[in-house]
Amino acid sequence: MAKKVEKIELALPFKAEYVSVARLTASGIAARMGFDIESVEDIKVALSEVCNKLVSAGSKSSDRYVIDFIIHSSKIEILINFEDRRLAGLFGTNGDELGISIIEALMDTFKVSTDDSNTLSMSKEIKGKI
Amino acid sequence: MAKKVEKIELALPFKAEYVSVARLTASGIAARMGFDIESVEDIKVALSEVCNKLVSAGSKSSDRYVIDFIIHSSKIEILINFEDRRLAGLFGTNGDELGISIIEALMDTFKVSTDDSNTLSMSKEIKGKI
Amino acid sequence: MSSELKITEVKHRFNTEVLLSGEVDIYTSQMLKEKLYGILDDTKQDMLINCEGLTYIDSTGLGIFVGVLKKAKQYGKGIRISKLKENIKKLFLITGLDKLFVILD
Amino acid sequence: MSSELKITEVKHRFNTEVLLSGEVDIYTSQMLKEKLYGILDDTKQDMLINCEGLTYIDSTGLGIFVGVLKKAKQYGKGIRISKLKENIKKLFLITGLDKLFVILD
Ligand SMILES: Nc1ncnc2c1ncn2[C@@H]1O[C@H](COP(=O)(O)OP(=O)(O)O)[C@@H](O)[C@H]1O
Ligand SMILES: Nc1ncnc2c1ncn2[C@@H]1O[C@H](COP(=O)(O)OP(=O)(O)O)[C@@H](O)[C@H]1O
């Protein structure tokens, strides 16, 4: 499929009712990239967990959060940039938290930078093992 | 559902392989808004036809086109702003053209402004008749 | 597009069966919580949650199952979960919740 | 997620049946065109396009059907289309293509 890196952006209101839209968009992208059904499902679930935290916390500085889907030839990368620095703090990884433990189990990588970049990033390889 | 007007944005590369992503995102939004299955399908088909024309023409001035989904309480509005003025010209409505006639039949309104705004806009009411 | 959640309650003699179909996510989970808690408070019976039609669940939904289990235990009752699809069973394994619940095929 | 297109060819004595399943859109339609044109050139027979598994088609796909019809006529042959789902039959009606093709149930 895609030979060079490409980007799809989705901007959603901080509202619980639109998390399903993030899921459908993610599954459309992952299926098109050639992920198998189980991996498509993994990506959907992981992204939903991220969205859940964002919409639960909300934001005062912006109406919407932006999800960047970066399409590599054999890897999907999902990036979220927090304009609102407070949001990065939602993703502290204490092992007892259901949402975070699900994301970490389903994706190959999961990182939240609270330094200058203030970005959440997670990725999964096509046919990579979980 | 949504009481005030809300907006979801999707930015896609000018590539045929991602038109299916526009379709899935649109169907997720329309289903969430409460459109019945047939209307969800109509919106998907109409948006695909728009995307088809854009990706066939391509653009030299931008990598991606942006689809705005405007969510009213009982109506969906889909807007595309053409940075590249040439793109608006793709939607001349000569009645013999399959894509355009499909869009016009399935949506309640369909307009392309080639003046200063340079915008494509189409809308459909929930439970509105086609 | 079966993104909505449908909850059906079937009263048996000694327990209540709840059939879930559709998706449990952050949007639909509030309804799930109210319904399951309400049923427990009404019936004070064992509950069988039949997930045959459940296509998706997130941590919000799993958290509600845990809450329901705690509530059931207060009444001295149990929760059994049946007919989980593979993708959902996987989430129970990942989170360790498979050890908390009685999970039937 | 059956967004890909599957094309199956079944040769009968006097015609060729082509079963479509999945989605025909601008991305998959080039493959459809090559396949249908190729079959016509090879067989020079009547063609039955069985759309039972076809869940989606756009104007690109409809345009290919029209092209295939034109090509078949050059060989003195016909195209019949069967088992259209309601959402797709609707597109044939909207575009007037229902008058161009022999459409079977
Ligand atoms: N592996 C586990 N075993 C038992 N209980 C758990 C497990 N993981 C989470 N829980 C419990 O499930 C409930 C919801 O979990 P979680 O979504 O992590 O809650 P929160 O986000 O409110 O901390 C909490 O009561 C938590 O203690
Ligand atoms: N209602 C119709 N009846 C018969 N032929 C049609 C009809 N609409 C379109 N066509 C033909 O179908 C083919 C593809 O249509 P269309 O997608 O409109 O083509 P294009 O975009 O290349 O003009 C063209 O050959 C066109 O003439």
Side-chain angles (χ1 to χ4, degrees), chain B residues 12-28 30-31 35-58 65 67 87 90-108 110 122 124 129-130, chain D residues 1-7 20-37 49 51-72 79 81 83-101 103:
Chain B
L12 290 174
F14 282 91
K15 294 240 173 164
E17 59 251 60
Y18 301 120
V19 172
S20 61
V21 175
R23 267 205 298 284
L24 270 177
T25 304
S27 67
F35 281 96
D36 59 39
I37 292 172
E38 187 176 352
S39 300
V40 170
E41 195 62 28
D42 292 346
I43 292 165
K44 273 172 58 177
V45 173
L47 178 58
S48 285
E49 295 297 342
V50 171
C51 297
N52 284 354
K53 295 206 167 284
L54 294 177
V55 304
S56 301
Y65 58 100
I67 305 167
L87 292 175
L90 298 170
F91 296 90
T93 51
N94 65 326
D96 192 36
E97 218 269 298
L98 285 180
I100 303 285
S101 58
I102 289 172
I103 298 169
E104 288 180 334
L106 298 181
M107 300 299 284
D108 293 341
F110 173 64
M122 56 190 192
K124 194 176 182 75
K129 51 188 177 311
I130 46 165
Chain D
M1 285 308 313
S2 62
S3 71
E4 300 303 317
L5 174 63
K6 214 177 92 187
I7 305 175
L20 304 183
S21 89
E23 302 196 339
V24 175
D25 78 349
I26 191 170
Y27 183 58
T28 55
S29 63
Q30 193 54 35
M31 163 188 164
L32 178 68
K33 182 172 181 175
E34 280 163 19
K35 192 86 192 189
L36 293 185
Y37 280 44
I49 304 178
C51 296
E52 190 165 9
L54 187 70
T55 54
Y56 178 83
I57 194 164
D58 68 3
S59 66
T60 332
L62 295 173
I64 288 165
F65 282 179
V66 173
V68 168
L69 181 64
K70 285 181 185 163
K71 201 177 188 51
I79 303 287
I81 297 180
K83 297 189 179 158
L84 290 173
K85 289 192 194 297
E86 282 310 313
N87 59 321
I88 294 175
K89 195 174 280 176
K90 182 172 167 180
L91 293 178
F92 276 83
L93 296 175
I94 285 173
T95 54
L97 293 179
D98 60 318
K99 297 185 203 85
L100 213 59
F101 290 94
I103 296 183

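Chain A is the first sequence line, chain B the second, and so forth, proteins listed ahead of strands; every chain is numbered from 1. Bear in mind the structure is a predicted one, so any value in this text is a computation, not a measurement.
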Here the pair of heavy atoms bringing Ser59(D) nearest to Ile102(B) is CB-CD1, 4.1 Å
dist Thr28(D):OG1 -> Glu17(B):CD (nearest 0.5 Å) comes out at 12.0 Å
The reported gap from CG in Asp42(B) to CG in Leu91(D) (rounded to nearest 0.5 angstrom) is 8.5 Å
If one checks every heavy atom of Asn87(D) against chain B at 4.5 Å, the contacting part turns out to be side chain
Nearest heavy-atom approach of Ser101(B) to Ile94(D) is O-CG2, 4.0 Å
Flag side-chain contact, heavy atom, 4.5 Å: Tyr56(D) against Ser20(B): no
Does a side-chain N-to-carboxylate-O contact under 4.0 Å join Lys90(D) and Glu41(B)?
no
By salt bridge (Lys or Arg N to Asp or Glu O under 4.0 Å), Lys35(D) pairs with (sequence neighbours left out) none
From the list Val19(B), Asn52(B), Leu98(B), side chain to side chain contact (heavy atoms under 4.5 Å, CB included) with Thr60(D) holds only for Asn52(B)
